[in-house]
J.: 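What follows is a structure written as structure tokens; I'll ask about it next.
Naming convention: chains lettered A, B, ... in sequence-line order (proteins, then strands); numbering from 1 in each chain. All values derive from a computational prediction rather than experimental measurement.
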Number of protein chains: 2
Amino acid sequence: MEKARWQTHRVTIKDIARAANVDPSTVTRALQGSERVKTATREKIASLAAEMGYVPDMAARTLVNRRSGLIGVVIPDMTNPFFAEFGRGIEDEAAKHDLRILIIDTRGVEAAEREAVKLFLELKVDGVVVPMARGPQEYYDGLNDAIPLVHVNREEAKHRVNCDTVHGSILVMQHLLELGHRRIGFVRGPAPPGREPKMFAYRQALDEAGIHYDPELIFTFDGTLESTELIAEQVLALDERPTAIFGHNDVSAAGLIHALRDHKLSVPQDISVAGHDDIQLSGCIDPPLTTVAWPMYELGQQSVRYLYSLGQGKKPRAPKVPLPRLIVRESTGGPKAARKS
Amino acid sequence: MEKARWQTHRVTIKDIARAANVDPSTVTRALQGSERVKTATREKIASLAAEMGYVPDMAARTLVNRRSGLIGVVIPDMTNPFFAEFGRGIEDEAAKHDLRILIIDTRGVEAAEREAVKLFLELKVDGVVVPMARGPQEYYDGLNDAIPLVHVNREEAKHRVNCDTVHGSILVMQHLLELGHRRIGFVRGPAPPGREPKMFAYRQALDEAGIHYDPELIFTFDGTLESTELIAEQVLALDERPTAIFGHNDVSAAGLIHALRDHKLSVPQDISVAGHDDIQLSGCIDPPLTTVAWPMYELGQQSVRYLYSLGQGKKPRAPKVPLPRLIVRESTGGPKAARKS
DNA sequence: GAGAAAAATACAAACGTTTGTATTTTCAGC
DNA sequence: GCTGAAAATACAAACGTTTGTATTTTTCTC
């Protein structure tokens with residue numbers, strides 16, 4: 001008996017019914033605030049429920065309602081502050097529709113992503129939001145008639161809320177080009193191959209500026225800070241170094257700046273570094289980072305709003321979200337300074 | 001009909017039973033891999049289930065099993081990388097026991113914390129982990145016989161996994177004292193009043209060093225970077241400035257360093273700043289931050305292990321976890337330099 | 001105060017599983 | 001081919017809600 005105190009017995013609707021001397025169905029309706037039950041009874045039941053410590057059983061409820069009132073969010077990396085605002089947007093919008101949200105962090109592992117979606121499926125969530133999904137599109141397409149599923153930033157998805165990644169990256173490139181840089185490096189992130197809008201923007205901007213694309217200037221960030229060390233070394237080893245680098249995100253840019261400094265290169269005097277995401281700390285590192293801010297809050301909101309329309313059986317139009325904004329701070333400057341030193 | 005494609009009809013065990021021409025109970029047992037059903041039947045059912053796209057209904061399952069196989073985690077701030085490792089520990093350990101985990105981020109809002117716990121209760125999760133809870137202990141005590149609930153770092157909780165916060169903070173203070181600092185500031189965090197082990201350690205270290213406690217040197221970080229600006233101004237306004245500051249966490253320390261620099265104070269020459277948490281970027285900011293690292297992974301593991309023992313009806317001993325470690329980097333130095341400038 | 005309409009409540013089936021028990025089938029051994 | 005045990009399967013109740021329908025109670029009208 002001491003063994004498992006919490007399994008004793010949860011108060012159910014039946015218990016309340018017995019205590020109030022009514023039928024369970026009356027209790028349900030009373031708790032729902034239905035007009036069909038007399039005010040006096042309703043109040044009696046409400047207070048009884050409170051005092052007996054009644055906790056509704058979602059399992060039973062979900063079973064008969066055939067929906068859980070939950071929406072699932074699959075986040076690739078909850079550490080990345082980039083997603084914090086996104087989460088806020090989701091939650092605020094979900095609250096409006098009486099939905100509760102559940103988050104699973106996949107750490108960018110595709111298997112975990114599938115596991116997460118599977119769990120949500122079993123939980124009969126009302127919808128799933130998958131920002132920056134790693135898994136192949138075919139997988140998600142197969143799910144489309146099992147559950148409403150909206151992607152964030154995946155061009156080819158059936159249901160999606162997109163932010164113009166290419167536009168944001170072009171802004172960075174234009175900024176660097178306007179500063180006079182001609183030799184610009186690019187740091188790729190751990191994206192699925194063939195789905196690299198930043199890379200696309202990078203090349204397009206170079207093309208338009210009439211600059212030849214040099215594969216030597218492409219580096220890869222694998223999500224760890226160690227890999228930024230490597231990138232620094234690769235940069236150093238180059239015969240002709242880039243005068244500016246566009247980093248996959250702020251974490252990689254920060255790591256890179258730090259690593260470059262260890263090798264006695266200063267930013268932006270010797271080399272400019274721009275990031276992407278505008279995380280909380282990016283204004284705080286030294287030098288403060290030039291970067292791109294995304295309307296993450298709106299993206300979160302729109303995802304849920306989209307999901308909700310889907311649930312209502314509406315056929316929502318792809319929502320309009322604001323464009324990314326360039327934030328110029330101090331980690332980028334003209335290339336001339338570099339030649340001076 | 002186009003209206004809500006995903007609500008058409010989920011494949012149930014009954015459907016499989018019909019297709020395989022057996023009873024639903026046989027399907028259940030087959031899917032469980034029970035020896036009680038003939039191998040041939042078992043295989044037929046398995047392949048049938050796969051091909052029909054059967055997804056178990058957790059609601060129904062939870063209803064009869066009276067447990068969900070889920071464990072809930074209530075995180076105060078998923079942005080804080082501090083919790084990333086914690087999450088990994090939780091997940092790895094949960095996987096060992098065939099438990100799935102659900103995370104809710106409360107953003108430090110107490111109401112959200114309660115909402116989260118309530119949702120978990122309704123979901124009939126097998127256990128809840130609440131690291132660094134904000135809510136009052138009485139609230140959680142009331143839940144103790146409804147569900148296994150383990151706290152991380154809450155001295156007074158019935159079930160807890162603790163890391164010696166005081167020890168870690170003492171390490172920082174000793175480090176600063178050994179460097180020769182006598183006038184040391186302290187930045188409080190958004191903790192519930194009366195539960196401030198870091199503050200406790202701060203005062204104790206001062207006492208032991210025979211240094212008088214000066215309330216002027218206590219500042220408050222509210223979680224936003226803006227408040228670090230304020231702190232910097234307060235420091236500047238002081239007649240007699242501290243030569244070192246022990247910050248509530250790395251984010252506040254990073255913000256403070258940045259703000260101090262804006263006011264032409266350099267770190268550590270003019271003032272030393274130490275943080276707490278050892279987040280990913282703390283080695284990356286300039287100067288790299290002296291801080292305290294916690295064994296977050298182990299804390300996560302132990303939480304689940306503890307929960308699991310509780311679920312087994314065992315009476316687990318409070319688990320031993322490693323002590324926090326001081327990480328000395330470059331944001332702290334001797335106070336002499338300060339007088340030079 | 002009888003009857004009808006309206007209000008309040010009770011009944012019963014269903015949601016998709018699981019599990020203890022009962023029933024049928026299989027297959028030795030003779 | 002009969003018996004009996006063992007193996008395989010079927011039956012039925014239960015988990016805690018919800019909801020359409022049926023029933024009872026109240027209230028009003030004349």
J.: Kindly indicate, with the supporting measurements, whether the criterion side chain to side chain contact (heavy atoms under 4.5 Å, CB included) is fulfilled by Val125(B) and Ile71(B).
T.: CA-CA 5 Å; Val125(B) 299; Ile71(B) 82 144; 5.5 Å; no
J.: Roughly, in whole Å, what's the span from NZ in Lys124(B) to P in dG16(D)?
T.: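 After rounding, the gap between these two atoms is 6 Å.
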J.: Can you pull every protein N or O that's under 3.5 Å from an N or O on nucleotides 20-23 of chain C?
T.:
unit_1: dG20(C); atom_1: O6; unit_2: Arg29(B); atom_2: NH2; d: 2.4
unit_1: dT21(C); atom_1: O4; unit_2: Arg36(B); atom_2: NH2; d: 2.2

J.: In whole angstrom, give the distance that lies between atom CD of Glu35(B) and atom P of dT19(C).
T.: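 Nearest whole value for this atom pair: 16 Å.
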J.: Could you tell me the separation between the CD1 atom of Ile13(B) and the P atom of dT9(D), rounded to a whole number of Å?
T.: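 One finds 16 Å between P of dT9(D) and CD1 of Ile13(B), rounded.
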J.: Which residues in residues 42-53 of chain B have at least one heavy atom lying under 4.0 Å from any atom of DNA chain C?
T.: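 Contacts with DNA chain C under 4.0 Å: none.
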J.: Between dG16(D) atom P and Leu123(B) atom CG, what is the distance in whole Å?
T.: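 Going from CG in Leu123(B) over to P in dG16(D) covers 16 Å.
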J.: Who passes salt bridge (Lys or Arg N to Asp or Glu O under 4.0 Å) against Asp92(B), sequence neighbours left out?
T.: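 Expected list: Arg88(B).
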J.: What nucleic acid atoms does Asp15(A) come within less than 4.0 Å of, heavy atoms only: base, sugar-phosphate, or nothing?
T.: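 If one applies the 4.0 Å heavy-atom cut-off, Asp15(A) turns out to touch nothing in the nucleic acid.
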J.: Only counting residues at least two apart or in another chain, list the ones meeting side chain to side chain contact (heavy atoms under 4.5 Å, CB included) with Asp105(A).
T.: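 Here the qualifying residues are Met78(A), Arg107(A).
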J.: Of the nucleotides dA10(C), dA8(C), dA10(D), which has the atom closest to the Asp23(B) side chain?
T.: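 Per side-chain heavy atoms of Asp23(B), the pick is dA10(D).
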J.: How would you list, by chain and number, every residue that makes a salt bridge (Lys or Arg N to Asp or Glu O under 4.0 Å) with Glu113(B), sequence neighbours excluded?
T.: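 By the salt bridge (Lys or Arg N to Asp or Glu O under 4.0 Å) rule, Glu113(B) matches no residue at all.
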J.: Rounding to a whole Å, what distance do you find between Ile16(A):CD1 and dT18(D):P?
T.: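 Rounded to the whole Å, the gap is 11 Å.
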J.: Val64(B): what forms a side chain to side chain contact (heavy atoms under 4.5 Å, CB included) with it, not counting sequence neighbours?
T.: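 Val64(B) satisfies side chain to side chain contact (heavy atoms under 4.5 Å, CB included) with no residue once adjacent residues are dropped.
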J.: If we check side-chain hydrogen bond (donor to acceptor under 3.5 Å, both in side chains) with Tyr306(B), which of these qualifies: His159(B), Arg160(B), Glu93(B)?
T.: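 The side-chain hydrogen bond (donor to acceptor under 3.5 Å, both in side chains) with Tyr306(B) is passed solely by His159(B) among His159(B), Arg160(B), Glu93(B).
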J.: Would you say dT17(C) has OP1 or OP2 under 4.0 Å from some side-chain N or O of Gln32(B)?
T.: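 For dT17(C), OP1/OP2 do not have a side-chain N/O of Gln32(B) under 4.0 Å.
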J.: Is Thr28(A) close enough to dT18(D) that one of its side-chain N or O atoms is under 4.0 Å from OP1 or OP2 there?
T.: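 Thr28(A) to dT18(D) OP1/OP2: side-chain N or O found under 4.0 Å.
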J.: So Leu119(B) and Leu102(B), side chain to side chain contact (heavy atoms under 4.5 Å, CB included) or not? Walk me through it.
T.: CA-CA 11 Å; Leu119(B) 174 57; Leu102(B) 248 27; over 6 Å; no
J.: Near DNA chain D, under 4.0 Å by heavy atom, which residues of residues 54-72 of chain B?
T.: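 By residue number: Leu63(B), Val64(B), Arg66(B).
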J.: Just how far, in rounded Å, is P of dT26(C) from NZ of Lys38(B)?
T.: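 It works out to 7 Å between those atoms.
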J.: Who are the side chain to side chain contact (heavy atoms under 4.5 Å, CB included) partners of Asp77(B), not counting sequence neighbours?
T.: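 Per chain and number, Asp77(B) pairs via side chain to side chain contact (heavy atoms under 4.5 Å, CB included) with Thr79(B), Asn80(B).
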J.: What is the distance from CZ of Arg18(A) to P of dT17(D), rounded to the nearest Å?
T.: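 Rounded to whole Å, this separation is 12 Å.
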J.: So, applying side chain to side chain contact (heavy atoms under 4.5 Å, CB included) with Asp126(A), which one of Leu70(A), Leu307(A), Leu99(A) is it?
T.: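 Answer after filtering Leu70(A), Leu307(A), Leu99(A): Leu99(A).
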J.: In this structure, how many angstroms lie between the P atom of dT19(C) and the CG atom of Leu31(B), rounded?
T.: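 The distance from CG of Leu31(B) to P of dT19(C) comes to 13 Å, rounded to the nearest Å.
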J.: Between the two ends of the helix from dG1(C)-dC30(D) to dC30(C)-dG1(D), what is the bend in degrees, rounded to 10 degrees, where each end axis spans five pairs?
T.: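 Taking five pairs per end, the axes differ by 40°.
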J.: Let's see if you can work this out: which of dA10(D), dC15(D), dC11(C) has an atom nearest to the side-chain heavy atoms of Thr26(B)?
T.: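 Of dA10(D), dC15(D), dC11(C), dA10(D) is nearest to the side chain of Thr26(B).
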J.: Indicate the atoms forming the closest heavy-atom contact of Ser303(B) with Val129(B), along with that distance.
T.: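 In terms of heavy atoms, the two residues are closest at CB-CG1, 3.8 Å.
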J.: Taking only residues two or more places apart in sequence, or in another chain, which ones meet Tyr140(A) in a ring pair (Phe, Tyr, Trp, His ring centres under 6.0 Å)?
T.: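 Here the qualifying residues are His151(A).
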J.: Who pairs with Glu138(A) by salt bridge (Lys or Arg N to Asp or Glu O under 4.0 Å), at least two apart in sequence or on another chain?
T.: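 Scan of Glu138(A) (salt bridge (Lys or Arg N to Asp or Glu O under 4.0 Å), adjacent residues dropped) gives none.
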J.: Going by side-chain hydrogen bond (donor to acceptor under 3.5 Å, both in side chains), name the pairs with one or both residues in residues 32-54 of chain A, residues two or more places apart or in two chains.
T.: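 As it turns out, there is no side-chain hydrogen bond (donor to acceptor under 3.5 Å, both in side chains) pair with a partner in residues 32-54 of chain A once direct neighbours are skipped.
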J.: Should we count NZ of Lys118(B) as having more than 12 external heavy atoms under 6.0 Å?
T.: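 Counting other residues, nucleotides and ligands, NZ of Lys118(B) stays at 12 neighbours or fewer.
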